[in-house]
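One structure, pasted below without further comment.
Side-chain atoms are counted along with the backbone in the values below, which use heavy atoms only and exclude waters and symmetry mates. Predicted model, so just to flag it, every value in this text is computed and none were measured. Chain A is the first sequence line, chain B the second, and so forth, proteins listed ahead of strands; every chain is numbered from 1.
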2 protein chains.
Amino acid sequence: MPSLDKSLVADLPMFAGLGDDDVGAILKEAQSIRYPKGASVFQQDEDAHSFFVLLHGHLRVMKVTPDGQQVVVRFVTPGEIFGIAMAMGRTTYPASALAVVDSVALVWPSPAWPRLVAKHPSLAVNAIQTVGSRLQEAHTRVIEMSTEQVERRIAHALLRLAQQAGRKGEDGIQIDFPISRQDVAEMTGTTLHTVSRILSAWEDQGLVDSGRQRISIRNPHKLFLLAEPPAG
Amino acid sequence: MPSLDKSLVADLPMFAGLGDDDVGAILKEAQSIRYPKGASVFQQDEDAHSFFVLLHGHLRVMKVTPDGQQVVVRFVTPGEIFGIAMAMGRTTYPASALAVVDSVALVWPSPAWPRLVAKHPSLAVNAIQTVGSRLQEAHTRVIEMSTEQVERRIAHALLRLAQQAGRKGEDGIQIDFPISRQDVAEMTGTTLHTVSRILSAWEDQGLVDSGRQRISIRNPHKLFLLAEPPAG
DNA sequence: CGGTTACTTGATATAGCTCAATAAGGGTGG
DNA sequence: CCACCCTTATTGAGCTATATCAAGTAACCG
């Protein structure tokens, strides 16, 4: 019984440079698990027992500060590897992951990682690149938070979301999972009130069309101009 | 002529899990270069020709936004690997590195990386961990910028600097390289004016002792309490 | 010394937070 | 299918942390 279809995953960046046989062997060690909407995939500070590849759905990854404030680290989209705390030399997860819609992931036990890497070194190379690009993103975010004010940060966040999880609709690009004002606030370091006000303003200008846990971008070009004002 | 002393570098995290022979072989491919104070090691967007290990001195890594604002990404301290853009799958450096004091680094040509990794897989594993811990730091910074106000952010930044580059002096921990108010501002997303005011206030309270491009922490414990106020 | 770079400090302006109240969806159970 | 409830979103008013503007002082460098 070929438990998992190689074709589903063979061309994910994580498996780049691996032959079909290798991919098959790696997949044999994984199981696929379904996470219903709202379910937790793993919790911050919990023992990093597994690592994952998202097959279907969307996850919100968030961190909570000691005093209870939440920050959204990112959203995981299908094809991404996540929860690789162990590969980064950690024993616990640095953040929590929650299914925002019904989702399915491949799951490997963390102890399999060193063995798999030893046998398939390209895994390590690919993992560095994955972590590297996340580092880039994180730095981008630091820079935005240091130098831009709220409106531009929100514009950037929405454009990024549209790129990662945008679904072309009748008029505009819709973000393909439920996302609240609070979520956007936690991604951009502001409050839901400010997000609400700004989205309302943009709505009036015909820039976006949004509602309860739903945002679509009607005019990406104008939004882009807000995010990156032409030099002057 | 044994150009470089293995003992200098054999126990850096980057070479963990490698035998003396391996370390020797890897070192053979590097040259050591001196960067006088103020010299550029590499420039943002420049072709990622080399990667480095800092042997001596301190570097400031910074990014410039399209509109010319600078952000300090981090300071490099001796023993660290840096400029590994290429390992992360980039062809150009995402930031610039500048010697803030006379410095010395080991330099490898980027094309050597894949070959070295193929021959010494622990390099890849160690690199993931390095990049992973930088990702952690970057996320920490995002979270601080999202949830803390300026005074706490500066407190955190100074404590981190003290940990990475603190030199125990007669009274307190001195940051071991020249650092201006502007630098601290660019690390914490504020202005030099605000940093100056806050340091002045701390000076009055006997928390720090600072001057032109010089900061030392007289009372780390109190500073820590500012950074992490006890729950309430 | 003269010039430049770093730092200090006051006064004012304002972006965005906080507080507060209301409204609109949308799911659920009767 | 309707009524209710809970979550999410909207919007106003006032406040405050911090940026900005402005001016002067101190340290270092050649």
Item to check | side-chain N/O T191(B) vs dT18(D) OP1/OP2, d < 4.0 Å | outcome: no
Item to check | Length of the line joining I215(A):CD1 and dT10(D):P, which is rounded to integer Å | outcome: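 It is 10 Å, rounded to the nearest whole Å.
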Checklist entry - What is the nucleic acid contact for S210(A), judged by heavy atoms within less than 4.0 Å: base, sugar-phosphate only, or nothing? => result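 No contact.
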Checklist entry - Atom CG of L192(B) and atom P of dA23(D): how far apart are they, to the nearest Å? => result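 In whole Å, dA23(D) P lies 17 Å from L192(B) CG.
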Item to check | Rounded distance (nearest 0.5 Å) linking atom CD1 of I175(B) with atom NE2 of H58(B) | outcome: 10.0 Å
Item to check | S196(A) side chain near dT10(D) phosphate (N/O to OP1/OP2, under 4.0 Å) | outcome: yes
Checklist entry - How do R197(B) and I179(B) order along DNA chain C: which one's closest nucleotide is nearer the 5' end? => result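 That would be I179(B).
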Checklist entry - What is the nucleic acid contact for S200(A), judged by heavy atoms within less than 4.0 Å: base, sugar-phosphate only, or nothing? => result sugar-phosphate
Checklist entry - Just wondering, are more than 12 heavy atoms of other shown residues or ligands nearer than 6.0 Å to CD in Q163(B)? => result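 12 or below, so no.
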Checklist entry - Can a donor-acceptor pair be found between the side chains of W108(B) and Q31(B) at a distance below 3.5 Å? => result no
Next on the checklist: Between D102(B) and K37(B), does any side-chain N to carboxylate O distance fall below 4.0 Å?
Outcome noted: no
Checklist entry - Rounded to whole angstroms, how far apart are CD1 on I198(A) and C1' on dT11(D)? => result 14 Å
Checklist entry - Is a salt bridge present between E80(B) and R74(B), judged by a nitrogen-to-oxygen distance below 4.0 Å? => result yes
Checklist entry - chain B on DNA chain C: first and last contacting nucleotide, 5' to 3', under 4.0 Å to a heavy atom? => result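 The footprint of chain B covers dT5(C) to dA11(C).
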Checklist entry - Within the structure shown, what part of the strands sits under 4.0 Å from R212(B) by heavy-atom distance: base, sugar-phosphate, or nothing? => result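 Contact class for R212(B): base.
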Checklist entry - To the nearest angstrom, how far is Q213(B) atom CD from dA27(D) atom C1'? => result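 Taking atom C1' of dA27(D) as the reference, CD of Q213(B) is at 10 Å.
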Checklist entry - Once you round to the nearest 0.5 Å, how far does CD of Q213(A) lie from CD1 of I179(A)? => result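 Rounded to the nearest 0.5 Å, the CD-CD1 separation comes to 9.5 Å.
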Checklist entry - Would you find more than 12 non-hydrogen atoms of other residues, nucleotides or ligands less than 6.0 Å from H49(B) atom NE2? => result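 It does: H49(B) NE2 has more than 12 such atoms within range.
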Next on the checklist: Can you list, in residue-number order, the parts of residues 66-77 of chain B that come under 4.0 Å of DNA chain C, counting heavy atoms only?
Outcome noted: none
Next on the checklist: Salt bridge check, E186(A) against R181(A): does any charged N sit closer than 4.0 Å to a carboxylate O?
Outcome noted: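 Answer for the salt bridge query: no.
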Checklist entry - When the distance from CZ of R181(B) to P of dT25(D) is rounded to whole Å, what number comes out? => result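 Taking CZ of R181(B) and P of dT25(D), I get 19 Å after rounding.
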Item to check | Sugar-phosphate, base or nothing in reach of S180(B), heavy atoms under 4.0 Å | outcome: sugar-phosphate
Checklist outcome for this item: In whole angstroms, the gap separating P of dC15(D) from CD of Q149(B) amounts to 18 Å
Next on the checklist: Test of understanding: with side-chain contact (heavy atoms from CB on, under 4.5 Å), list the residues that count as partners of E148(B), not counting sequence neighbours.
Outcome noted: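 Partners of E148(B) by the side-chain contact (heavy atoms from CB on, under 4.5 Å) criterion, ordered by chain and then number, come out as E144(B), R152(B), R153(B), H156(B).
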Next on the checklist: I need the NE2-P distance between H193(A) and dT10(D), as an integer number of Å.
Outcome noted: 12 Å
